[in-house]
Amino acid sequence: MRAISISIVLVSHAGYGGVVPGGLGVTIFFFLSGYLITTLLMDERERSGRIDVGKFYLRRVFRLFPPLLVTLVIAYSLVILGLLDGGISWAGVLAQLFYFANYYGLFFDPGNTTAAGTGILWSLAVEEHFYMIYPAVLVGLVALRLSGRRIVVVLAIACLAALAWRMYLAGLPNFHTERTYYSSDTRVDSIVFGCLLALAANPRAATAETSNPLLQHTSAMLLAAAAIVMVMTIVWRDAYFRETFRYSLQGLALMPVFYFAIKGAAHFPFTLLNHPWVARIGVYSYAMYLIHYIVINLIEKNAPWLATAKPLLVLVAFAIAALYAAILDVFVDSYFRRLRKKFH
């Protein structure tokens with residue numbers, strides 16, 4: 001699923017944004033984060049009887065920060081050398097390093113104070129704000145001895161509250177779509193929908209299927225409905241709908257998709273996601289996400305002839321981003337993976 005997400009985003013940024021919805025790739029990333037983090041935290045609680053929030057934060061730092069730091073050093077070095085557009089400011093760099101890039105861009109950036117291609121760090125800020133708050137909230141809800149069903153209700157109310165907040169903002173005069181697209185307070189429900197799947201109907205806890213679950217009538221109907229809803233959210237261009245209900249409907253539509261992708265992993269078409277190369281791109285996806293738009297901007301500035309050949313641009317950007325991720329995986333991530341294991 002990560003491989004699908006990074007492919008959608010990269011193809012969109014390489015000039016096909018009018019056809020391939022890059023925002024959907026980010027929404028899938030968000031959903032996956034919520035599902036994965038909740039599943040891991042609840043696994044930890046089941047194994048040890050508690051959730052160690054401090055160790056969770058350390059693992060997140062070891063996972064996210066080193067590739068981000070290396071990528072920003074490269075990006076701003078290219079700016080200094082005149083090979084990449086954009087500017088340099090302490091405020092911009094610190095906002096990106098400490099996961100404030102989304103609000104910095106919305107409310108404080110006067111323009112051209114960050115390296116070209118690093119604007120995508122807004123999504124990392126949304127995820128990191130979620131990481132900062134959610135584990136402690138989950139521990140608190142568990143400490144209150146709320147049942148799993150009641151925790152699901154609390155999270156569902158949070159999703160409704162985010163939708164209501166978007167509806168209020170979108171109805172204000174002089175509303176700008178960037179306010180709801182980039183902000184943590186308006187996009188966090190895209191992550192929480194993944195949490196809901198992990199708690200309400202986690203496919204890992206489902207009984208293993210010997211036959212293809214996708215061939216069952218109810219399963220097929222659910223997936224078909226999800227596909228119809230997802231397509232509708234993409235083709236319906238009404239501005240108010242896109243900044244309000246679109247994210248909620250996409251979150252709901254992703255729930256059956258993820259459920260059957262995991263439960264039916266041994267069956268077509270989801271077996272394709274288990275191909276070693278697809279899984280490897282999934283492993284590389286974070287570093288690829290960090291660097292891909294920088295690479296595209298670098299090519300557009302220094303090799304405009306290549307930028308005009310969009311299919312070739314997609315292939316070259318994908319190859320460079322994958323190579324960069326592979327290098328980071330060997331020389332940077334391998335060390336920090338060992339550190340993460342110490343705090344597991």
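Since we're looking at a predicted model, the values are computed, not measured. Only this structure's heavy atoms are used, side chains among them; waters, hydrogens and symmetry mates stay out.
Residues in residues 234-251 take part in these salt bridge (charged side-chain N to carboxylate O under 4.0 Å, His left out) pairs, two or more places apart or across chains: E243-R246.
Of the possible donor and acceptor atoms, none in the side chain of H176 sits under 3.5 Å from a partner among the backbone N and O of E178. Side chain of S147 to main chain of R150: a donor-acceptor pair is present (N/O by atom type, distance under 3.5 Å, no hydrogens or angles). Remark: the backbone N or O of A266 is not paired with any side-chain donor or acceptor of N274 at under 3.5 angstrom.
Looking at V73 and S77, their side chains come closer than 4.5 Å, going by heavy atoms from C-beta outward. With a 4.5 Å cut-off on side-chain heavy atoms, T118 and Y293 do not count as touching. Within the 4.5 Å cutoff, side-chain heavy atoms of V137 are placed close to those of L141. Counting heavy atoms from C-beta on, the side chains of H129 and V188 never come closer than 4.5 Å. Counting heavy atoms from C-beta on, the side chains of F336 and V61 never come closer than 4.5 Å. Using a 4.5 Å heavy-atom cutoff, the side chains of F260 and P203 are not in contact. Residues M167 and F245 meet the side-chain proximity criterion, which asks for heavy atoms closer than 4.5 Å. In this structure, the side chains of T113 and Y104 come closer than 4.5 Å at one or more pairs of heavy atoms.
With a 6.0 Å cutoff to the six-membered ring centre and a 45° limit on the axis angle, R187 counts as a cation-pi contact of Y247.
Cluster membership for L84 and W305, using ILVMFWY side-chain heavy atoms within less than 4.5 angstrom, is shared. Following chains of ILVMFWY side-chain contacts shorter than 4.5 Å, one cannot reach I228 starting from M255, and the two form parts of different hydrophobic clusters. Criterion: ILVMFWY side-chain heavy atoms under 4.5 Å apart, direct or through other members. Under it, V153 and V192 are not part of a common hydrophobic cluster. I327 and I294 end up in different hydrophobic clusters when Ile, Leu, Val, Met, Phe, Trp and Tyr side chains are linked at under 4.5 Å. Two different hydrophobic clusters hold V283 and V330 under the rule that ILVMFWY side chains link at heavy-atom gaps under 4.5 Å.
In the displayed structure, F241 atom CZ is contacted under 6.0 Å by more than 12 heavy atoms of other residues, nucleotides or ligands. Atom CZ of R60 is surrounded by more than 12 heavy atoms from other residues, nucleotides or ligands within 6.0 Å. Heavy atoms from other residues, nucleotides or ligands lying under 6.0 Å from CZ of F331 number 12 at most. Atom CE of M221 sits in a sparse spot, with 12 or fewer heavy atoms from other residues, nucleotides or ligands closer than 6.0 Å.
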Exercise. Quick one: do F100 and F108 satisfy side-chain contact (heavy atoms from CB on, under 4.5 Å)? Show the steps, please.
Key: CA-CA 10 Å; F100 193 64; F108 301 101; 3.7 Å; yes

Quiz item: Between L68 and L121, does a side-chain contact (heavy atoms from CB on, under 4.5 Å) hold up when you go through it step by step?
Solution: CA-CA 9 Å; L68 173 63; L121 297 180; 3.9 Å; yes

Practice problem: Begin from the C-alpha positions of D333 and R338 and carry the test salt bridge (Lys or Arg N to Asp or Glu O under 4.0 Å) through to its verdict. | Solution: CA-CA 9 Å; D333 286 338; R338 292 193 293 271; over 6 Å; no

Exercise. Give the C-alpha distance, both sets of side-chain angles, the deciding distance and a yes or no for side-chain contact (heavy atoms from CB on, under 4.5 Å) between L124 and L64.
Key: CA-CA 9 Å; L124 268 66; L64 300 176; 6.0 Å; no

Exercise. Check step by step if side-chain contact (heavy atoms from CB on, under 4.5 Å) holds for Y99 and E127.
Key: CA-CA 9 Å; Y99 302 102; E127 288 202 29; over 6 Å; no

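Taking OG of S33 as the start and CD of E128 as the end, the distance is 10.5 Å to the nearest 0.5 Å. Rounded to the nearest 0.5 angstrom, D43 CG and I51 CD1 are separated by 10.0 Å. For the atom pair OH (Y240) and OG1 (T180), the distance works out to 10.5 Å, reported to the nearest 0.5 Å. To the nearest 0.5 Å, atom OH of residue Y16 and atom CG of residue L313 are 8.5 Å apart. Interatomic distance, I8 CD1 to L24 CG, rounded to the nearest 0.5 Å: 5.0 Å. Rounding to the nearest 0.5 Å gives a distance of 8.0 Å between OG of S123 and OH of Y181.
Nearest heavy-atom pair across A287 and L328 is CB-CD1, 3.9 Å. Across all non-hydrogen atoms, the minimal contact from V316 to I299 is CG1-CD1, 3.9 Å. The two residues R2 and G282 make their nearest non-hydrogen contact at CD-O, 3.4 Å. Nearest heavy-atom pair across K301 and G82 is CE-O, 3.1 Å. Between A322 and Y284, the shortest heavy-atom distance links the atoms O-CD1, 3.9 Å. Closest of all the heavy-atom pairs between L10 and I296 is O-CD1, 4.1 Å.
Ring geometry for F98 versus F65: interplanar angle of 30 to 60°, hence tilted. Using a 30° and 60° split on the angle between ring planes, Y131 and F56 fall in the perpendicular class, above 60°.
In summary, the side chains of Q250 and S190 do not present any donor paired with an acceptor at a separation below 3.5 Å, with no hydrogens or angles considered. Inspection of the Y103 and D185 side chains reveals an N or O donor paired with an N or O acceptor under 3.5 Å. There is a side-chain donor-acceptor pair under 3.5 Å between Y35 and N202. Under 3.5 Å, the side chains of S183 and R179 contain a donor-acceptor pair of N or O atoms. The closest side-chain donor-acceptor pair between S219 and Y259, if any, does not fall under 3.5 angstrom. A donor-acceptor contact closer than 3.5 angstrom links the side chains of Y324 and T71. Between the side chains of Y289 and S5, not a single donor N or O lies within less than 3.5 Å of an accepting N or O. In summary, the side chains of S184 and N102 do present a donor paired with an acceptor at a separation below 3.5 Å, with no hydrogens or angles considered.
A centroid separation of less than 6.0 Å is found between the aromatic rings of Y134 and F130.
Between K310 and E300 there is no salt bridge, since no side-chain nitrogen of the basic residue lies less than 4.0 Å from a carboxylate oxygen of the acidic one. Between R50 and D52, at least one side-chain nitrogen of the basic residue sits less than 4.0 Å from a carboxylate oxygen of the acidic one, meeting the salt-bridge criterion.
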